[in-house]
Chemist: 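Take a look at the following structure, please.
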Number of protein chains: 2
Amino acid sequence: MARSSTRPTSRDVAHAAGVSQAAVSLVLGDKWRGRVSEATAERVRQAARALDYRPNLAARNLRLGRTRTVLLVVPALTTEFFAGVYTGAARVAAQHGFGVVLYPSPEGIGPARDPFASAQAALDGVLASSMAADALTAIRGDRLPLVMLDSDPTASPGAATVNLDIADGIRQVADHLLGLGHRRILHLAADVPSWTFEARARELTTRLAATPGTELSTARAPISIDGARTAAEAALTTPGPCPTAIVCDDDKLAAGAYKAARRLGLRVPDDISVTGLDDLALATALDPELTTVHLDAELFGERGMHALLAVLEGNEPTSGDIPVQLVLRGSTAPPRTHQG
Amino acid sequence: MARSSTRPTSRDVAHAAGVSQAAVSLVLGDKWRGRVSEATAERVRQAARALDYRPNLAARNLRLGRTRTVLLVVPALTTEFFAGVYTGAARVAAQHGFGVVLYPSPEGIGPARDPFASAQAALDGVLASSMAADALTAIRGDRLPLVMLDSDPTASPGAATVNLDIADGIRQVADHLLGLGHRRILHLAADVPSWTFEARARELTTRLAATPGTELSTARAPISIDGARTAAEAALTTPGPCPTAIVCDDDKLAAGAYKAARRLGLRVPDDISVTGLDDLALATALDPELTTVHLDAELFGERGMHALLAVLEGNEPTSGDIPVQLVLRGSTAPPRTHQG
DNA sequence: GAGCGGAAGTTATACGTAACACTCGGGGCG
DNA sequence: CGCCCCGAGTGTTACGTATAACTTCCGCTC
């Protein structure tokens with residue numbers, strides 16, 4: 001009789017089924033075709049079920065030298081966006097029998113800045129979103145397979161990269177506003193040192209530069225509604241002609257821009273157009289609803305995880321940016337005729 | 001010379017330092033006072049650093065029979081609220097050398113409905129938020145220590161429970177609205193079978209019943225802005241006197257209520273007051289800003305993790321609900337005098 | 001000078017699993 | 001008739017760690 005105080009092991013199952021532990025391992029590991037008879041296999045399965053046997057993961061991981069667990073590193077988990085990324089990544093991982101451990105980046109989690117101290121689990125690989133450089137180097141210290149999300153492809157030579165085609169999203173925004181007739185545009189930029197935000201600024205600048213007679217100004221704000229409101233209010237009250245449209249790096253910043261406009265007595269979109277980027281729930285909660293760039297966060301997470309799993313199997317990850325789509329809602333309109 | 005192809009083990013460190021593997025384990029495990037000389041200990045530390053040795057977590061977990069990893073089960077990770085819970089829980093866990101694996105509830109993750117299949121990691125305990133009953137029973141199947149978040153204390157006899165005092169929040173909302181003079185109130189309720197939502201309805205009902213002359217109606221909606229808008233619009237256009245205030249189970253529902261009011265030509269708060277619950281970023285993005293009940297999600301996660309760690313150490317978890325606070329903003333005002 | 005206790009280690013073992021190497025009997029085939 | 005192969009298993013080992021049990025040496029006390 002097996003000791004009931006502790007969890008049953010494969011040896012307990014073997015004893016109950018009258019076979020050796022090795023046979024149990026073969027049957028439960030589905031490696032028994034041609035090695036164990038169907039009758040014996042069934043006896044083993046019955047015994048396992050009767051004892052409610054669950055393999056000891058730690059022992060299996062030690063034996064196999066891999067853990068079927070990967071780490072997902074994301075910036076502090078404040079928005080729905082990364083919740084979506086996680087959901088997509090975890091779904092794909094689960095389909096392949098992998099688990100996902102989350103590490104929201106350095107700020108605010110643990111005393112140890114090392115992701116691997118925080119994630120106690122033994123890991124097979126890492127999926128890392130754009131993040132602080134120190135966490136990145138800590139990760140590279142280990143030799144784990146790494147796939148980067150939303151990062152400068154040229155900056156991580158060793159690692160595969162999966163990106164949203166945000167540059168194209170910015171192009172769509174710029175073309176939309178230019179098409180409506182806007183020429184004086186304010187870029188409300190995230191005050192975060194990250195490749196993805198720098199890329200947005202770069203793309204917007206070059207796109208607007210291609211159309212003569214445009215003026216681009218920039219205001220920087222932390223990614224919070226009130227921070228954005230303050231920055232936008234300051235930018236809109238500087239001397240000189242007022243911009244007719246605000247391009248925001250992010251939907252949260254756009255919400256701040258709405259509040260700034262409201263305080264200044266400007267109406268969206270009649271007096272000023274506003275665009276966002278992300279398409280969070282926030283975007284449709286605003287009045288008027290926000291014209292923004294829809295990012296498919298779950299698809300992003302799925303693609304990232306597929307790439308990582310490919311790397312883990314020694315294959316080449318498929319590349320190619322994920323398309324994004326401008327969603328026209330009520331926050332953009334032609335500018336008022338300013339001199340006619 | 002150690003093989004450079006594979007990660008160094010404690011034996012490699014021992015060899016490099018000229019000691020036994022046991023000595024390495026003692027030194028690195030900080031159990032060497034009086035067992036190893038300071039000079040030898042330093043030699044071991046040097047060797048470990050030189051080889052960039054990291055202990056094999058799987059082996060340690062197997063040896064020790066515990067993993068310093070716990071599972072956090074949350075409803076599908078769609079809101080900032082559970083991001084906050086995770087952040088708080090992970091912070092406390094990290095401070096105690098624990099890691100946290102996330103399992104967002106059944107919908108949408110994996111083919112296996114079993115949380116333990118998805119979370120590949122071997123676990124020491126579970127912190128589980130209110131969730132679908134099937135996931136719950138799967139968890140109880142294992143004999144892991146369990147702490148419940150935001151759940152019926154009487155329903156899980158074996159497990160400790162950590163709750164936000166949402167009933168008090170609802171009381172504060174009800175008293176605020178009654179104090180303003182509202183008597184016809186619509187409850188926009190989440191259409192989700194969960195203890196926490198049922199408790200809200202119960203509390204609101206009893207609180208209003210204590211004041212004569214009040215009328216409470218209820219509309220149910222899925223937790224999404226558009227779902228809430230539809231439900232609220234239907235409720236507000238039913239024949240009979242229109243409610244003067246809407247109590248929403250959740251800020252997202254409140255955003256839907258705003259949209260419904262706007263479509264019907266009702267102004268918030270002049271024509272109708274609206275309250276939420278959660279205090280998400282959304283609450284201050286709305287115009288007017290939402291009067292809502294502030295929940296401290298991170299504190300909630302911290303308390304939950306503290307309770308679980310206490311259970312794991314064989315101590316009694318501290319109990320007591322976490323206080324919540326009504327935040328007055330611009331979405332509530334006295335009703336228009338309806339018959340004067 | 002015998003004995004004892006403590007410092008400074010070492011040796012050996014177990015944790016639970018997966019898989020390699022082996023055994024044993026029977027049947028097909030040359 | 002001898003050989004080989006195949007089905008159906010079993011015995012054994014190793015993964016890397018933590019720790020209990022043991023050894024050795026030395027200084028002290030009685």
Side-chain angles (χ1 to χ4, degrees), chain A residues 2-3 5-45 47-48 51-69 97 120-124, chain B residues 2-3 5-45 47-48 51-69 97 120-124:
Chain A
R3 311 150 309 242
S5 66
T6 183
R7 300 171 72 109
T9 72
S10 63
R11 210 177 319 264
D12 295 330
V13 175
H15 198 257
V19 297
S20 70
Q21 180 267 334
V24 173
S25 184
L26 287 173
V27 171
L28 267 39
D30 214 28
K31 300 239 187 299
W32 58 281
R33 19 194 177 205
R35 319 253 297 117
V36 175
S37 72
E38 172 59 47
T40 306
E42 187 52 29
R43 239 171 46 242
V44 168
R45 283 188 289 255
L51 294 178
D52 191 27
Y53 166 73
R54 322 254 181 134
N56 179 317
L57 281 277
R60 171 179 295 174
N61 289 341
L62 175 59
R63 177 68 236 253
L64 294 179
R66 72 197 146 73
T67 60
R68 301 187 88 79
T69 298
Q120 278 280 333
L123 302 171
D124 280 355
Chain B
R3 312 149 309 243
S5 65
T6 183
R7 299 170 72 111
T9 72
S10 62
R11 210 178 318 267
D12 295 330
V13 175
H15 199 256
V19 297
S20 71
Q21 179 265 335
V24 173
S25 183
L26 287 173
V27 171
L28 267 39
D30 213 28
K31 299 237 188 301
W32 58 280
R33 9 178 194 215
R35 318 252 298 120
V36 175
S37 72
E38 172 58 49
T40 307
E42 186 53 29
R43 239 172 45 241
V44 168
R45 283 189 289 256
L51 294 178
D52 192 28
Y53 166 72
R54 323 253 182 137
N56 180 316
L57 279 291
R60 172 178 295 175
N61 289 343
L62 174 59
R63 175 68 233 249
L64 295 179
R66 72 196 146 74
T67 60
R68 301 189 86 80
T69 298
Q120 277 281 332
L123 302 171
D124 280 355

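Because only heavy atoms are used, hydrogens play no part in the values below, and waters and symmetry mates are left out as well, while side chains stay in. Bear in mind the structure is a predicted one, so any value in this text is a computation, not a measurement. So you know, we letter chains A, B, ... as the sequences are listed, proteins then strands, and number each from 1.
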Chemist: How long is the line joining CZ of A/Arg54 and P of C/dT17, in whole Å?
Modeler: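 Atom-to-atom, A/Arg54 to C/dT17, this comes out as 13 Å.
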
Chemist: Separation of A/Asn61 atom CG from D/dA14 atom C1', in whole Å?
Modeler: 16 Å

Chemist: Take atom NE2 of B/His15 and atom C1' of C/dT10, then tell me their distance rounded to the nearest Å.
Modeler: 15 Å

Chemist: At under 4.0 Å, does any side-chain N or O of B/Thr40 touch on OP1 or OP2 of C/dG9?
Modeler: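 For C/dG9, OP1/OP2 do have a side-chain N/O of B/Thr40 under 4.0 Å.
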
Chemist: Where each residue is assigned the nucleotide of DNA chain C containing its nearest heavy atom, which of B/Leu62 and B/Arg43 is assigned the position nearer the 5′ end?
Modeler: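 Whichever sits nearer the 5' end wins; that is B/Arg43.
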
Chemist: Over all heavy atoms of both residues, which pair between A/Ala48 and A/Val13 is shortest? Give the atoms and the distance, please.
Modeler: N-CG1, 3.8 Å

Chemist: B/Asp124: what forms a side-chain hydrogen bond (donor to acceptor under 3.5 Å, both in side chains) with it, not counting sequence neighbours?
Modeler: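 Only B/Thr67 meet the side-chain hydrogen bond (donor to acceptor under 3.5 Å, both in side chains) criterion with B/Asp124.
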
Chemist: To the nearest angstrom, how far is B/Asn56 atom CG from C/dG16 atom C1'?
Modeler: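 Atom-to-atom, B/Asn56 to C/dG16, this comes out as 14 Å.
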
Chemist: To the closest 0.5 Å, what do you measure between OG1 (A/Thr9) and CG (A/Asn56)?
Modeler: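 Rounded to the nearest 0.5 Å, the OG1-CG separation comes to 9.5 Å.
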
Chemist: Give the rounded distance in Å between these two atoms: CZ of B/Arg60 and C1' of D/dT19.
Modeler: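 Those two atoms, CZ and C1', are 13 Å apart.
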
Chemist: Grab the CH2-P distance between A/Trp32 and C/dC20 for me, whole Å please.
Modeler: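 One finds 19 Å between P of C/dC20 and CH2 of A/Trp32, rounded.
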
Chemist: Please report, to 0.1 Å, the donor-acceptor pairs under 3.5 Å made by any side chain of residues 19-27 of chain B, with sequence neighbours excluded.
Modeler:
from, atom 1, to, atom 2, distance (Å)
B/Ser20, OG, B/Ala23, N, 3.3
B/Gln21, NE2, B/Ser10, OG, 3.4

Chemist: Output the distance between atom OG1 (A/Thr69) and atom CG (A/Leu57), rounded to the nearest 0.5 Å.
Modeler: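 Rounded to the nearest 0.5 Å, the OG1-CG separation comes to 8.0 Å.
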
Chemist: Could you state the atom-to-atom distance from CD of A/Glu42 to C1' of D/dA8 in whole Å?
Modeler: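 Whole-Å distance recorded here is 17 Å.
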
Chemist: Using residues 31-41 of chain B as the side-chain source, report each donor-acceptor pair under 3.5 Å to any protein atom, sequence neighbours left out, with the distance given to one decimal.
Modeler:
from, atom 1, to, atom 2, distance (Å)
B/Arg33, NH2, B/Asp30, O, 3.0
B/Ser37, OG, B/Thr40, N, 3.2
B/Ser37, OG, B/Thr40, OG1, 2.9
B/Glu38, OE2, B/Arg45, NH2, 3.0

Chemist: With sugar-phosphate meaning primed atoms plus P, OP1 and OP2, does B/Leu64 contact a base, only sugar-phosphate, or nothing at under 4.0 Å between heavy atoms?
Modeler: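 Counting heavy atoms under 4.0 Å across all strands, the contact made by B/Leu64 is with sugar-phosphate only.
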
Chemist: State whether B/Ser37 places a side-chain N or O below 4.0 Å from either non-bridging phosphate oxygen (OP1 or OP2) of C/dG9.
Modeler: yes

Chemist: For B/Arg11 and C/dT11, what is the distance between atoms CZ and C1' respectively, to the nearest whole Å?
Modeler: 12 Å

Chemist: Under 4.0 Å, heavy atom to any atom of DNA chain C: which of residues 20-30 of chain A qualify?
Modeler: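 Here the set is A/Gln21, A/Ala22, A/Ser25.
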
